[in-house]
Amino acid sequence: MTVRFSIDAWAAWAPGLVGNDAWLDWLAAPRPLVGEGVPALAEMPAMMRRRVERLGKVALQAAYWAQGEAEPCPHVFASRFGDVTRSVELLRQLAAGEGLSPTAFSMSVHNAIGALFSIARADTGACTAVAAGAETVEAAFMEALGLLADGAPAVLVVYYDEPLPTPYSDFAEYLDFPRAWACRLSRCESGGISLQPGLLAGAAEPATLPDDLAALRFLLGQAPAWQHDVAGRSWHWVRHA
């Protein structure tokens, strides 16, 4: 069974890209971004906000904006690398024989940011963390579509990542900057967008954007279809009339 979905609300944040119009302009003509800083994340209680590093604040800001005042719903937090900067620092401390901070460790795991979102909002609904390499976006959306098929009226999908730190920075791909985007999905019986896996047919087209931003460009655009080829498979995103 193919589940179609529509995007009821979306939001995104990156240095120098604040607001949906700025993001749509950037996706139409991507360019390197210059800038630092973090979002204010005023929606989260201050005591809890102080525990969150830059990446978490970026992800949570997009989540709060996309969720808005809508009814609580299941949420799926997805990141290819997670808070790898914090993890690298923990590994350095471990190698040096230094003591590790329990708080730093608890915030380094992939489900930490989504858990904070739930705790801050006293939301006891389903919360899932997803990491699946170059297919992380597709894995997150398949999880969301399963929740919609099971009867959830809406699902919030949040994707976030940041540049890889040393010693992993040599593996960085394309233009890279701290970013997060979130979409609140609902099921639709006609029109909408569908996502299906398939076999890879022919040579893959060269990628010009990170996987998550290429997916976001399709989701917010008007293209009838987009094919994401990875690891010998194809993911077919289709916009239905």
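Computed from a predicted structure; not experimentally measured.
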Legend entry - Side-chain H-bond candidate by donor/acceptor type, Glu135 with Trp235, under 3.5 Å: yes

Legend entry - Pair Glu89 + Arg92: basic N to acidic O under 4.0 Å: yes

Legend entry - Arg80/Asp211 under salt bridge (Lys or Arg N to Asp or Glu O under 4.0 Å): CA gap, chis, key distance, verdict: CA-CA 10 Å; Arg80 183 170 181 176; Asp211 304 316; 3.4 Å; yes

Inset, instruction - Run the salt-bridge test on Arg187 and Glu189 with the 4.0 Å N-O cut-off and return the result as yes or no. - result: yes

Inset, instruction - Hey, can you tell me if Phe77 and His75 have their rings parallel, tilted or perpendicular (30° and 60° cut-offs)? - result: perpendicular

Inset, instruction - Evaluate the ring planes of Trp26 and Phe177, with Trp represented by its six-membered ring, and classify them as parallel (under 30°), tilted (30 to 60°) or perpendicular (over 60°). - result: perpendicular

Legend entry - Test item: side-chain donor near acceptor, Asp83 and Ser108, under 3.5 Å: no

Legend entry - Pro165 side chain near Val84 side chain, heavy-atom distance below 4.5 Å: yes

Legend entry - NZ/NE/NH1/NH2 to OD/OE distance under 4.0 Å, Arg179 and Glu162: no

Legend entry - Minimal non-hydrogen separation, Asp123 against Cys73, with atom names: OD2-O, 4.0 Å

Inset, instruction - Validate the cation-pi geometry between Arg239 and Phe218: distance from NZ or CZ to the six-membered ring centre under 6.0 Å, angle to the ring axis within 45°. - result: yes

Legend entry - Minimum heavy-atom distance between Ser186 and Asp8, given as atom pair plus value: OG-OD2, 2.8 Å

Inset, instruction - Check step by step if side chain to side chain contact (heavy atoms under 4.5 Å, CB included) holds for Val157 and Leu185. - result: CA-CA 8 Å; Val157 175; Leu185 315 180; 3.9 Å; yes

Inset, instruction - Just do the side chain to side chain contact (heavy atoms under 4.5 Å, CB included) check on Val76 and Tyr159 with the steps written out, would you? - result: CA-CA 8 Å; Val76 180; Tyr159 184 95; over 6 Å; no

Inset, instruction - Determine whether Leu60 and Lys57 make a side-chain contact, defined as any pair of heavy atoms from C-beta on separated by less than 4.5 Å. - result: no

Legend entry - Gln61 side chain near Glu43 side chain, heavy-atom distance below 4.5 Å: yes

Legend entry - Any donor-acceptor N or O pair under 3.5 Å, side chains Ser194, His240: yes

Legend entry - Beyond-backbone contact of Pro197 with Arg233, side-chain heavy atoms, under 4.5 angstrom: no

Legend entry - With Tyr64 via ring pair (Phe, Tyr, Trp, His ring centres under 6.0 Å) - residues at least two apart: Phe117

Inset, instruction - Might you work through the side chain to side chain contact (heavy atoms under 4.5 Å, CB included) test for Thr124 and Ser118, ending with a clear yes or no? - result: CA-CA 7 Å; Thr124 59; Ser118 295; over 6 Å; no

Legend entry - Side-chain touch Glu138/Leu195, heavy atoms, less than 4.5 angstrom: yes

Legend entry - Shortest non-hydrogen contact from Ala182 toward Leu156: CB-CD1, 4.3 Å

Inset, instruction - Would you tell me whether Glu53 and Thr85 have side-chain atoms, one donor and one acceptor, within less than 3.5 Å of each other? - result: no

Inset, instruction - Report the C-alpha separation of Tyr160 and Trp181 in whole Å, then their side-chain angles, then the decisive distance to 0.1 Å, and conclude whether the ring pair (Phe, Tyr, Trp, His ring centres under 6.0 Å) test is met. - result: CA-CA 7 Å; Tyr160 59 97; Trp181 53 269; over 10 Å; no

